[in-house]
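Input: a single structure, listed below in C-alpha coordinates.
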Amino acid sequence: MPVITKISQQKKDKERYNIFLDEVYAFSVHESNLVKFGLTKGMQLDNWDKENLVYEEEIQRAFNRALHFLGFRMRSEFEVKEKLKQAEFGDSVIQEAILKLKKLGFLDDHAFSEALLRTQKNTSGKGPSAIKQELNDKGIDPSVQETVLEEYDPQEQLATATKLVEKAARKHTSIAPAQLKQRIQNALQRKGFRFDIIKEAIDAVEFEPDEDEWTSITETTGEKAWRRVSIKYKGYDRKRRVKQAMYQKGIPFDRIDAFIEKKELEEDAE
(Lines give C-alpha, C1' and ligand atoms only; values in the text may rest on other atoms or scores of the structure.)
Protein backbone atom coordinates (compact mmCIF):
# COMPACT_ATOMS: atom_id res chain seq x y z
CA MET A 1 0.00 0.00 0.00
CA PRO A 2 1.49 3.42 -0.98
CA VAL A 3 2.92 5.53 1.82
CA ILE A 4 3.07 9.33 2.02
CA THR A 5 6.77 10.12 2.10
CA LYS A 6 6.63 13.88 1.64
CA ILE A 7 4.16 16.80 1.89
CA SER A 8 5.25 20.18 0.54
CA GLN A 9 3.46 23.50 0.26
CA GLN A 10 3.17 24.89 -3.27
CA LYS A 11 5.03 28.13 -3.94
CA LYS A 12 2.43 29.75 -6.20
CA ASP A 13 -0.63 28.68 -4.24
CA LYS A 14 -0.01 28.60 -0.50
CA GLU A 15 -3.35 26.84 0.10
CA ARG A 16 -2.33 23.74 -1.87
CA TYR A 17 0.07 20.96 -0.93
CA ASN A 18 1.94 18.42 -3.05
CA ILE A 19 1.66 14.80 -1.88
CA PHE A 20 4.48 12.33 -2.61
CA LEU A 21 3.84 8.60 -2.41
CA ASP A 22 6.88 6.35 -2.09
CA GLU A 23 9.17 9.31 -2.91
CA VAL A 24 7.26 10.11 -6.15
CA TYR A 25 4.91 13.09 -6.67
CA ALA A 26 1.35 11.74 -6.80
CA PHE A 27 -1.15 14.61 -6.57
CA SER A 28 -1.91 17.91 -4.85
CA VAL A 29 -4.64 18.73 -2.34
CA HIS A 30 -6.21 21.85 -0.93
CA GLU A 31 -5.30 22.79 2.62
CA SER A 32 -8.85 22.01 3.81
CA ASN A 33 -8.61 18.43 2.50
CA LEU A 34 -5.17 18.01 3.98
CA VAL A 35 -6.75 18.70 7.37
CA LYS A 36 -10.01 16.84 6.67
CA PHE A 37 -8.25 13.59 5.75
CA GLY A 38 -5.48 14.02 8.32
CA LEU A 39 -2.77 13.52 5.72
CA THR A 40 0.64 13.17 7.36
CA LYS A 41 4.04 11.83 6.43
CA GLY A 42 4.18 8.08 6.89
CA MET A 43 0.44 7.59 6.38
CA GLN A 44 -0.68 4.73 4.12
CA LEU A 45 -3.21 5.43 1.37
CA ASP A 46 -5.39 2.80 -0.31
CA ASN A 47 -7.40 3.28 -3.52
CA TRP A 48 -10.55 4.16 -1.56
CA ASP A 49 -8.78 7.02 0.21
CA LYS A 50 -7.41 8.35 -3.06
CA GLU A 51 -10.83 8.21 -4.73
CA ASN A 52 -12.36 10.15 -1.86
CA LEU A 53 -9.57 12.70 -2.05
CA VAL A 54 -10.11 13.18 -5.78
CA TYR A 55 -13.85 13.67 -5.22
CA GLU A 56 -13.29 16.20 -2.44
CA GLU A 57 -10.75 18.02 -4.58
CA GLU A 58 -13.35 18.34 -7.37
CA ILE A 59 -15.80 19.81 -4.86
CA GLN A 60 -13.15 22.25 -3.67
CA ARG A 61 -12.34 23.26 -7.25
CA ALA A 62 -16.04 23.81 -7.98
CA PHE A 63 -16.37 25.78 -4.75
CA ASN A 64 -13.42 28.01 -5.64
CA ARG A 65 -14.74 28.54 -9.18
CA ALA A 66 -18.11 29.58 -7.76
CA LEU A 67 -16.47 31.95 -5.26
CA HIS A 68 -14.62 33.65 -8.11
CA PHE A 69 -17.90 33.97 -10.02
CA LEU A 70 -19.62 35.42 -6.96
CA GLY A 71 -16.79 37.89 -6.46
CA PHE A 72 -18.08 40.16 -9.22
CA ARG A 73 -21.64 40.52 -7.85
CA MET A 74 -24.38 38.59 -6.06
CA ARG A 75 -25.74 35.59 -7.99
CA SER A 76 -28.68 33.27 -7.64
CA GLU A 77 -28.22 29.56 -6.94
CA PHE A 78 -29.44 28.82 -10.47
CA GLU A 79 -26.80 31.12 -12.02
CA VAL A 80 -24.00 29.47 -10.04
CA LYS A 81 -25.18 25.98 -10.99
CA GLU A 82 -25.29 26.94 -14.66
CA LYS A 83 -21.78 28.40 -14.46
CA LEU A 84 -20.42 25.21 -12.88
CA LYS A 85 -22.19 23.07 -15.48
CA GLN A 86 -20.49 25.12 -18.20
CA ALA A 87 -17.19 24.35 -16.47
CA GLU A 88 -18.12 20.64 -16.85
CA PHE A 89 -18.33 19.73 -13.18
CA GLY A 90 -20.50 16.70 -12.37
CA ASP A 91 -23.97 17.07 -10.85
CA SER A 92 -23.00 15.56 -7.49
CA VAL A 93 -19.90 17.77 -7.25
CA ILE A 94 -21.98 20.86 -8.09
CA GLN A 95 -24.58 19.96 -5.47
CA GLU A 96 -21.94 19.53 -2.76
CA ALA A 97 -20.28 22.82 -3.72
CA ILE A 98 -23.66 24.59 -3.64
CA LEU A 99 -24.42 23.19 -0.18
CA LYS A 100 -21.06 24.41 1.07
CA LEU A 101 -21.62 27.88 -0.42
CA LYS A 102 -25.07 28.14 1.20
CA LYS A 103 -23.79 26.90 4.56
CA LEU A 104 -21.07 29.57 4.58
CA GLY A 105 -23.52 32.31 3.55
CA PHE A 106 -22.15 32.92 0.06
CA LEU A 107 -25.41 31.86 -1.61
CA ASP A 108 -28.82 33.08 -0.43
CA ASP A 109 -31.64 33.38 -2.98
CA HIS A 110 -33.82 35.41 -0.62
CA ALA A 111 -31.09 38.00 0.02
CA PHE A 112 -30.24 38.00 -3.69
CA SER A 113 -33.88 38.65 -4.60
CA GLU A 114 -34.20 41.50 -2.11
CA ALA A 115 -31.05 43.12 -3.53
CA LEU A 116 -32.32 42.75 -7.09
CA LEU A 117 -35.67 44.28 -6.09
CA ARG A 118 -33.97 47.30 -4.49
CA THR A 119 -31.72 47.86 -7.49
CA GLN A 120 -34.42 47.54 -10.13
CA LYS A 121 -37.02 49.72 -8.43
CA ASN A 122 -34.58 52.42 -7.24
CA THR A 123 -32.15 52.53 -10.15
CA SER A 124 -34.17 51.34 -13.15
CA GLY A 125 -37.64 52.34 -11.95
CA LYS A 126 -39.12 48.96 -12.78
CA GLY A 127 -42.53 47.72 -11.71
CA PRO A 128 -43.29 44.40 -10.00
CA SER A 129 -44.15 42.44 -13.15
CA ALA A 130 -40.82 43.21 -14.81
CA ILE A 131 -38.92 42.42 -11.61
CA LYS A 132 -40.85 39.18 -11.18
CA GLN A 133 -39.87 38.16 -14.72
CA GLU A 134 -36.24 38.88 -13.96
CA LEU A 135 -36.39 36.86 -10.74
CA ASN A 136 -37.96 34.03 -12.71
CA ASP A 137 -35.15 34.21 -15.28
CA LYS A 138 -32.65 33.91 -12.43
CA GLY A 139 -34.30 30.67 -11.31
CA ILE A 140 -35.73 32.03 -8.06
CA ASP A 141 -38.36 29.82 -6.43
CA PRO A 142 -41.91 31.23 -6.93
CA SER A 143 -42.55 31.29 -3.17
CA VAL A 144 -39.41 33.41 -2.64
CA GLN A 145 -40.48 35.71 -5.48
CA GLU A 146 -43.90 36.22 -3.91
CA THR A 147 -42.47 36.95 -0.47
CA VAL A 148 -39.92 39.46 -1.74
CA LEU A 149 -42.32 41.27 -4.10
CA GLU A 150 -44.73 41.85 -1.21
CA GLU A 151 -42.17 44.40 0.01
CA TYR A 152 -42.93 46.52 -3.08
CA ASP A 153 -46.31 47.84 -1.92
CA PRO A 154 -48.78 49.75 -4.17
CA GLN A 155 -47.96 53.15 -2.67
CA GLU A 156 -44.28 52.72 -3.44
CA GLN A 157 -45.13 51.52 -6.93
CA LEU A 158 -47.25 54.63 -7.45
CA ALA A 159 -44.47 56.88 -6.20
CA THR A 160 -41.96 55.26 -8.56
CA ALA A 161 -44.33 55.43 -11.54
CA THR A 162 -45.23 59.06 -10.82
CA LYS A 163 -41.56 60.07 -10.78
CA LEU A 164 -41.15 58.47 -14.21
CA VAL A 165 -44.22 60.29 -15.52
CA GLU A 166 -42.97 63.64 -14.18
CA LYS A 167 -39.55 63.09 -15.76
CA ALA A 168 -41.10 62.26 -19.15
CA ALA A 169 -43.45 65.26 -18.96
CA ARG A 170 -40.51 67.62 -18.31
CA LYS A 171 -38.38 66.09 -21.03
CA HIS A 172 -40.92 65.93 -23.85
CA THR A 173 -42.59 69.33 -23.83
CA SER A 174 -42.64 69.35 -27.65
CA ILE A 175 -45.11 66.44 -27.77
CA ALA A 176 -48.87 66.94 -27.52
CA PRO A 177 -50.32 65.72 -24.18
CA ALA A 178 -52.51 62.98 -25.65
CA GLN A 179 -49.63 61.46 -27.60
CA LEU A 180 -47.21 61.85 -24.70
CA LYS A 181 -49.59 60.18 -22.26
CA GLN A 182 -49.94 57.20 -24.61
CA ARG A 183 -46.17 56.93 -24.94
CA ILE A 184 -45.74 57.06 -21.18
CA GLN A 185 -48.46 54.47 -20.64
CA ASN A 186 -46.75 52.09 -23.08
CA ALA A 187 -43.36 52.69 -21.43
CA LEU A 188 -44.69 52.03 -17.92
CA GLN A 189 -46.43 48.86 -19.08
CA ARG A 190 -43.10 47.63 -20.46
CA LYS A 191 -41.53 48.47 -17.10
CA GLY A 192 -43.99 46.15 -15.39
CA PHE A 193 -46.56 48.43 -13.75
CA ARG A 194 -50.27 47.56 -13.50
CA PHE A 195 -52.73 49.66 -15.52
CA ASP A 196 -54.42 51.13 -12.41
CA ILE A 197 -51.05 52.31 -11.07
CA ILE A 198 -50.15 53.79 -14.46
CA LYS A 199 -53.46 55.63 -14.76
CA GLU A 200 -53.21 57.09 -11.28
CA ALA A 201 -49.63 58.22 -11.88
CA ILE A 202 -50.50 59.91 -15.18
CA ASP A 203 -53.57 61.58 -13.67
CA ALA A 204 -51.40 63.02 -10.90
CA VAL A 205 -49.19 64.96 -13.34
CA GLU A 206 -50.11 68.19 -15.14
CA PHE A 207 -49.58 67.85 -18.89
CA GLU A 208 -51.45 70.85 -20.32
CA PRO A 209 -48.97 73.13 -22.15
CA ASP A 210 -49.26 76.91 -22.00
CA GLU A 211 -50.22 78.84 -25.13
CA ASP A 212 -46.65 79.33 -26.34
CA GLU A 213 -45.91 75.61 -25.91
CA TRP A 214 -49.10 74.68 -27.76
CA THR A 215 -48.12 76.98 -30.62
CA SER A 216 -44.67 75.38 -30.82
CA ILE A 217 -46.07 71.83 -30.69
CA THR A 218 -48.65 72.60 -33.37
CA GLU A 219 -46.15 74.28 -35.65
CA THR A 220 -43.54 71.51 -35.33
CA THR A 221 -46.05 68.69 -35.84
CA GLY A 222 -47.88 70.48 -38.64
CA GLU A 223 -44.79 71.43 -40.63
CA LYS A 224 -43.54 67.82 -40.63
CA ALA A 225 -46.92 66.53 -41.78
CA TRP A 226 -47.31 69.28 -44.39
CA ARG A 227 -43.89 68.62 -45.96
CA ARG A 228 -44.37 64.86 -46.02
CA VAL A 229 -47.89 64.91 -47.46
CA SER A 230 -47.16 67.69 -49.97
CA ILE A 231 -44.74 65.40 -51.83
CA LYS A 232 -47.68 63.38 -53.22
CA TYR A 233 -50.87 65.33 -52.56
CA LYS A 234 -52.42 68.74 -53.12
CA GLY A 235 -55.73 70.42 -52.45
CA TYR A 236 -58.41 68.56 -50.51
CA ASP A 237 -56.44 65.28 -50.28
CA ARG A 238 -53.47 67.06 -48.75
CA LYS A 239 -55.66 68.94 -46.31
CA ARG A 240 -57.42 65.74 -45.22
CA ARG A 241 -54.20 63.78 -44.78
CA VAL A 242 -52.44 66.55 -42.87
CA LYS A 243 -55.42 66.90 -40.57
CA GLN A 244 -55.43 63.16 -39.95
CA ALA A 245 -51.68 63.07 -39.27
CA MET A 246 -51.85 65.98 -36.80
CA TYR A 247 -54.86 64.55 -35.01
CA GLN A 248 -53.03 61.25 -34.53
CA LYS A 249 -50.26 63.23 -32.84
CA GLY A 250 -52.76 64.64 -30.34
CA ILE A 251 -53.28 68.13 -31.79
CA PRO A 252 -56.81 69.54 -31.12
CA PHE A 253 -59.01 70.14 -34.19
CA ASP A 254 -59.23 73.92 -33.69
CA ARG A 255 -55.45 74.22 -33.74
CA ILE A 256 -55.19 71.89 -36.73
CA ASP A 257 -57.68 73.97 -38.71
CA ALA A 258 -55.87 77.18 -37.81
CA PHE A 259 -52.54 75.74 -38.92
CA ILE A 260 -53.88 74.45 -42.25
CA GLU A 261 -55.60 77.76 -42.95
CA LYS A 262 -52.32 79.58 -42.32
CA LYS A 263 -50.40 77.27 -44.63
CA GLU A 264 -52.98 77.67 -47.39
CA LEU A 265 -52.86 81.46 -47.07
CA GLU A 266 -49.07 81.38 -47.26
CA GLU A 267 -49.28 79.26 -50.39
CA ASP A 268 -51.84 81.56 -52.02
CA ALA A 269 -49.61 84.56 -51.29
CA GLU A 270 -46.64 83.09 -53.11
Side-chain angles (χ1 to χ4, degrees), residues 116-134 137 149 152-270:
L116 187 145
L117 171 66
R118 286 193 300 272
T119 298
Q120 296 296 29
K121 72 180 181 181
N122 296 331
T123 305
S124 303
K126 288 187 177 181
S129 294
I131 296 174
K132 180 178 177 62
Q133 182 58 55
E134 190 163 352
D137 292 341
L149 286 171
Y152 199 2
D153 63 70
Q155 286 305 310
E156 190 175 12
Q157 294 174 39
L158 177 60
T160 301
T162 302
K163 286 181 182 178
L164 293 172
V165 175
E166 290 172 340
K167 182 179 179 181
R170 290 193 302 270
K171 183 178 180 180
H172 301 290
T173 56
S174 62
I175 301 175
Q179 184 188 17
L180 180 55
K181 287 179 182 181
Q182 186 60 55
R183 284 192 186 183
I184 292 172
Q185 179 179 312
N186 294 340
L188 291 182
Q189 285 177 329
R190 289 193 297 272
K191 277 186 170 290
F193 291 97
R194 299 197 316 262
F195 179 75
D196 60 321
I197 295 290
I198 295 172
K199 184 178 185 304
E200 190 171 351
I202 290 175
D203 289 345
V205 177
E206 177 59 55
F207 282 88
E208 189 62 29
D210 60 28
E211 186 57 35
D212 288 342
E213 289 172 333
W214 259 127
T215 299
S216 176
I217 292 169
T218 302
E219 288 290 326
T220 301
T221 304
E223 288 294 343
K224 287 181 180 179
W226 189 268
R227 286 195 302 271
R228 186 178 68 254
V229 173
S230 292
I231 295 172
K232 291 186 177 181
Y233 303 95
K234 299 294 181 183
Y236 175 76
D237 280 344
R238 177 175 62 183
K239 182 176 181 179
R240 178 175 60 84
R241 290 174 183 275
V242 168
K243 181 177 287 191
Q244 182 181 24
M246 293 180 71
Y247 179 72
Q248 289 174 343
K249 295 294 186 180
I251 309 299
F253 277 123
D254 59 332
R255 295 182 181 277
I256 294 174
D257 290 338
F259 172 80
I260 292 175
E261 182 179 355
K262 181 175 75 72
K263 292 299 293 183
E264 289 177 334
L265 288 172
E266 290 174 355
E267 203 170 61
D268 290 342
E270 291 178 356

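Basis for what follows: all heavy atoms, side chains included, without hydrogens, waters or symmetry-related copies. Values in this document were obtained by computation on a predicted structure and should not be read as measured data.
- Taken to the nearest 0.5 Å, the CG atom of L117 stands 5.0 Å off from the CD1 atom of I131.
- Rounding to the nearest 0.5 angstrom, the gap separating the CZ atom in R118 from the OG1 atom in T123 is 10.5 Å.
- Residues I197 and P154 approach most closely at CD1-O, 3.8 Å, considering heavy atoms.
- A donor and an acceptor atom, one from each side chain of S230 and R238, are located under 3.5 Å apart.
- Within 6.0 Å of the NZ atom in K191, the count of heavy atoms belonging to other residues, nucleotides or ligands exceeds 12.
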Atom pairs and distances, side-chain donor-acceptor, residues 166-181, under 3.5 Å, sequence neighbours left out:
none

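- Between V242 and Y233 the shortest side-chain heavy-atom distance does not fall below 4.5 Å.
- The closest side-chain heavy-atom distance from E223 to K263 is below 4.5 Å.
- The structure places CG of L188 at 5.0 Å from CD1 of I198, a figure rounded to the nearest 0.5 Å.
- Of the inter-residue distances, the one linking E266 atom CD with W226 atom CH2 reads 9.0 Å to the nearest 0.5 angstrom.
- Of the residues R255, K224, K262, the one that meets the salt bridge (charged side-chain N to carboxylate O under 4.0 Å, His left out) test with E219 is K262.
- Taking the six-membered ring for Trp and thresholds of 30 and 60 degrees, F253 and Y247 have nearly parallel ring planes, at less than 30 degrees apart.
- Remark: the backbone N or O of D210 is paired with a side-chain donor or acceptor of E213 at under 3.5 angstrom.
- Note that the NZ atom of K239 and the CD atom of E264 stand 5.0 Å from one another [nearest 0.5 Å].
- Contact check for F193 versus L158: no side-chain heavy atoms found under the 4.5 Å cut-off.
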| said: side chain to side chain contact (heavy atoms under 4.5 Å, CB included), that's the test. Do D196 and E200 meet it? Break it down for me. | reply: CA-CA 6 Å; D196 60 321; E200 190 171 351; over 6 Å; no
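- Salt-bridge annotation for D203 and K199: present, with a side-chain N of the basic residue lying under 4.0 Å from a carboxylate O of the acidic one.
- If you take OG1 on T220 and NZ on K249, they are separated by 12.0 Å, rounding to the nearest 0.5 Å.
- Partners of K121 according to the side chain to side chain donor-acceptor pair (under 3.5 Å) rule, which considers only residues two or more places apart in sequence or in another chain, are E156.
- Counting heavy atoms from C-beta outward, R241 and K232 have side chains that stay 4.5 Å or more apart.
- T221 is not listed as a side-chain neighbour of F259, based on a closest heavy-atom distance of 4.5 Å or more.
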